Every structure is written in C-alpha cells, then in structure tokens.
Amino acid sequence: MRRALAGIALAVTSMVALSFLIPLALLVREQARDQATTVAEQRAAALSPVLALTTERADVQQAVAELGSADQLAVRLPDGGLVGTPHAPREALERAVRGRETLAVDTADGWVYLQPVVLPRDRVAVVEAYVPAADLSRGVAASWGVMALLALGLVGGSVLVADRLGARVVRSSRGLKRASLALGSGDLDVRVEPDGPPELQEAGAAFNTMADRVVDLLAVERELVADLSHRLRTPLTALYLEADRMGATPGARRVTEAAAQLESELDSIITAARTPLAATQLGGGAAPAAAKPCDTTEVVAVRLDFWSVLAAQQDRPCERYFTPRPTPVRFPEDDLAAVVDALIGNVFRHTPQGTAFAVRVERAAGHVLLTVDDAGPGVADPGAALTRGVSVGGSTGLGLDIVARAARAADGELTITRAPMGGARVQVSFALAGPER
C-alpha cells in the first residue's frame, strides 16, 4: 500500500509540476529573448537623432562607440559606406533601404534588427542592431535549473508525505490483521488501539467490540454447558438409588460403576466448560499439543471388555483383533476411550439385538487403524452420517462428529464403508506417535 500511495503521489505531482514547468520554461525563454531584443532596439533608436544631425563617418563612429560594441551596432550610411561590422543579410539590408521598413531577421548566429532613418534630400541610412544567440538565451539555463530543482523538491516532498501517510495506514492495518489472527487462534484478550485514518479507527473499534462480544458469548456458552451437565446429576442420583434397591447383585454393581463413570465425565465437562482456556478450544477438534502418548490397543481392549458384558446380555457375537505391535498415539486416553465408546455405542443403538460386530486395531503406513464392523443394515448415506447434528438413526447426531474431529486432531481421518459382515464399517486412523512414525 505504501508503494501504491507513493506511486500515485509521484504520478500526480509529476503531472502537476510538468503542467506548470513546461509553460513557465517557455515563458522564461521568451522573456529573455524579448529583453535582449528590446535593448537592441533601444540602442538602434538612439542613433536616429545622431544621423538626423550628421552623417559624417567619424561622428557616427563616435556615437556607435558610445552606445555599444561595434560588433553589435552598425550603420549603413546614405552613400553606401559602413560603420561597424554588419551581420544582416545583403537582401534584408537592401530591402530596408528600398522599402524604408523596419525589419527583424533571425540568422544562424543570432538576431538582427534593421531600422531605416530617412534623411533630407531623400537619403536613407540604416541602423543595424545585432544580438548574438548566446545573449538571446542568457540566464535561461540557470532559470530552468532552479525551476527543475523546485519541481524535484515538490515531487520528492509529496512522495515523502504520501509514504508517511501510507506507513500510518499500513501500520494500522497490519495491527488489525495481527489482532484478527490472534483472536482466530484463541487469544481472547487481544485488542487493538484504533489508529490511522477514520475508517481504520472505526474498523479497530468494531474489532474490539466484536472481541468483547465473542468473550461474552463464550462465557454464556460455558455456563450453559455447565448448567446442562449439572442437570444430569438428578437422573444419576436416581440410578444410584435404583442400584441400592437392587442389592449386591452383578447388575447393580454394573449400574453403579456406569453411573460413577458418567458422574466423573460430567465433572470433567463442568470443569472444562468453566475453564477459559478450554473454552477457546470448544468445537475446535484439536488435541492438546502436550498430550501424553497412549497405546490404542490397551484403551480399546479396556473399553471392549466393558461393552462385552452388554453384548453378552443381548446375544451379540463380538470378534476382536489387536495387532501385536505397539500402537502409541499422541492423543488423550480419555478422549480415545470416548471415541471407542461412540463407535461401539452406535452399533448397540442402531442395530437389532443379536447383531454381530467386530473391533480391529491395526498398524499401517504410520497410522493406527481402529475399525468397527457390524452385521446390521449399514449406513445408506455416509455423508449425512458425518454431518454434525444429523443422525441416520434418530439420535443426536454428535457421536460420529466427535469421532471425526478426534481423528483430524490426531492427523487422521474417518471413513464409512460397507463391512464384509454386511453392515457398516467405520474406520478411524490416528497418526503414530514417537520415532516409530
């Protein structure tokens, strides 16, 4: 922008300077010429009274010597004699004598002025005033030089002023850009100092207003999430009471364990929702850069053991395959467990009881592959199934979106295809952590 403003100032000021400089330069040259010719005409006119009184050669020579140089002032006497050095062409001199008219002639060496003087008895003398070419342009070069310096100073000053103004605009716009990038990366405390032209000052003030509004909205969202999570404690309490009524049975123990895990998850959600730093990461799908590696096989095995009890109750055959090679991924263990629960939970929610499913953990090309197959009806529209808030089975539509964001956070991806078992195959890839990658 600074270059553009400086270029515009240079172009505009140059055109303005040239529009005045060229006519002024021509005027100075004409003024110098007019001044030189006027002086020559005055010297020639001063000889006319002398010739009217006498045409003696000696008297005329003395008058010429007193008025100017013999090289620049000459007289053709009525008898044809010459006083001084003539510079006029012969044709012009004869024309002045015959026609008795005043002539001004440009020659190769300068400018000649011929003034005839009519004497008694029809005699004619001609006074010649000569101006060399150097005298016609005397002082013109110096004047042009001064005007050129003034024009350069004007152009340079305008470019400098435009550059300073452009620097102010660029500084303000860059500050607004840096603040926007910082806000987009999660720095909710960033603000700008409105500076520059009025328009940029208004943009800076609008940015600060927007940032304050974002902070307020995130605070409201955090409290809303915390409140909604807290409201789930009521049905949890009911589950605990129901488990107590069931006594010391395996079913009651499983209900108590599930309720305790759910309560722990709710506590984590409330804590994260009320933490400003965590709030800046809501919906971002980015795992913390400092997350400790966890082994995918171990996490999947633990969660599959939990779900296998419910699978046995619903007569669901369950196959599993875990690669013997290490499967470390730089992803939080709790988040990975949530991914496994979401995938297996979808099988239980969207397929009839008795439907078989399989879980596999493999390594391939720097990634860990977690695959969940089922023998259910499958997914007719995989694209719709991956849309947040849209469910193909009547649920909230958030499970697969959570899995997809987790995969992207771990440099992987989520794909939905047809499984060899006849139903849906949901495969999630996670980038391997550590030097083995």
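All values derive from a computational prediction rather than experimental measurement.
Side chains of Leu136 and Thr37 form a contact here, defined as non-hydrogen atoms less than 4.5 Å apart. When side chains are defined from C-beta on, Val140 counts as touching Trp144, because their heavy atoms get closer than 4.5 Å. Here the side chains of Leu200 and Asp195 are not in contact, with every heavy-atom distance at 4.5 Å or above. Side-chain contact between Leu369 and Arg360: absent, with no pair of heavy atoms (C-beta onward) separated by less than 4.5 Å. Between Ser143 and Leu24 there is no side-chain heavy-atom pair separated by less than 4.5 Å. For the pair Arg425 and Thr415, the minimum side-chain heavy-atom distance is 4.5 Å or more. When side chains are defined from C-beta on, Gln72 counts as touching Asp135, because their heavy atoms get closer than 4.5 Å. In this structure, Val359 and Leu370 have side chains that are in contact, with non-hydrogen atoms separated by less than 4.5 Å.
Environment of CZ in Arg95: sparse, with no more than 12 heavy atoms of neighbouring residues, nucleotides or ligands closer than 6.0 Å. Within a 6.0 Å radius of CZ in Arg418, more than 12 heavy atoms belonging to other residues, nucleotides or ligands are found. Heavy-atom neighbours of Gln201 CD from other residues, nucleotides or ligands within 6.0 Å: above the threshold of 12. Atom CD of Gln35 is surrounded by 12 or fewer heavy atoms from other residues, nucleotides or ligands within 6.0 Å. Shown here is Arg320, whose CZ atom has more than 12 heavy atoms of other residues, nucleotides or ligands within 6.0 Å.
Between the CG atom in Leu336 and the CZ atom in Phe430 there is a gap of 5.5 Å [rounded to 0.5 Å]. Summarising the geometry, atom OG belonging to Ser308 is positioned 10.0 Å from atom CD belonging to Gln313; distances are rounded to the nearest 0.5 Å. Going from atom CZ of Arg316 over to atom OG1 of Thr351 covers 3.5 Å, rounded to the nearest 0.5 Å. Considering CG of Leu93 and CG of Leu103, their distance stands at 9.5 Å, rounded to 0.5 Å. Here the CZ atom belonging to Arg29 is positioned 11.5 Å from the CG atom belonging to Asp34, to the nearest 0.5 angstrom. We find the CZ-CG distance between Phe20 and Leu154 to be 10.0 Å, quoted to the nearest 0.5 Å.
Note on ring orientation: taking the six-membered ring where Trp is involved, the planes of Tyr130 and His87 are parallel (angle under 30°, cut-offs 30° and 60°).
Applying the side-chain contact (heavy atoms from CB on, under 4.5 Å) test to Ala104 and every residue at least two apart in sequence or in another chain returns Trp111.
In terms of heavy atoms, Ala17 sits closest to Val155 at CB-CG2, 4.5 Å. Between Tyr321 and Glu362, the shortest heavy-atom contact is CE2-CG, 3.9 Å. Across all non-hydrogen atoms, the minimal contact from Phe207 to Val190 is CE2-O, 4.2 Å. Summarising the geometry of Pro86 relative to Gly84, their closest heavy-atom pair is CD-O, 3.4 Å, with the distance given to 0.1 Å. Across all their heavy atoms, Val329 and Ala431 have their closest contact at CG1-O, 3.6 Å. For the pair Gly204 and Leu176, the tightest heavy-atom approach, listed with the atom from each and the gap, is CA-CD1, 4.2 Å.
Under the 3.5 Å distance criterion, the side-chain polar atoms of Arg138 are left unmatched by any main-chain donor or acceptor of Ala32. Side chain of Asn208 to backbone of Val192: a donor-acceptor contact under 3.5 angstrom is found. Under the 3.5 Å distance criterion, the side-chain polar atoms of Asp374 are matched with a main-chain donor or acceptor of Ala424.
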Please evaluate residues Ser429 and Val368 with respect to the criterion side chain to side chain contact (heavy atoms under 4.5 Å, CB included), reporting the C-alpha separation (whole Å), side-chain torsions for both, the decisive distance (0.1 Å), and the verdict. CA-CA 5 Å; Ser429 64; Val368 177; over 6 Å; no

For side chain to side chain contact (heavy atoms under 4.5 Å, CB included), just list the numbers for Leu304 and Phe322, CA-CA rounded to whole Å, side-chain angles, deciding distance to a tenth of an Å, and then say yes or no. CA-CA 11 Å; Leu304 188 57; Phe322 299 141; 4.1 Å; yes

Please evaluate residues Leu114 and Val127 with respect to the criterion side chain to side chain contact (heavy atoms under 4.5 Å, CB included), reporting the C-alpha separation (whole Å), side-chain torsions for both, the decisive distance (0.1 Å), and the verdict. CA-CA 6 Å; Leu114 300 176; Val127 180; over 6 Å; no

Walk me through whether Asp315 and Gln353 qualify under side chain to side chain contact (heavy atoms under 4.5 Å, CB included). CA-CA 7 Å; Asp315 296 326; Gln353 294 189 18; over 6 Å; no

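Exactly one residue among Leu432, Thr327, Val428, Thr323 makes a side chain to side chain contact (heavy atoms under 4.5 Å, CB included) with Thr296. That residue is Thr327.
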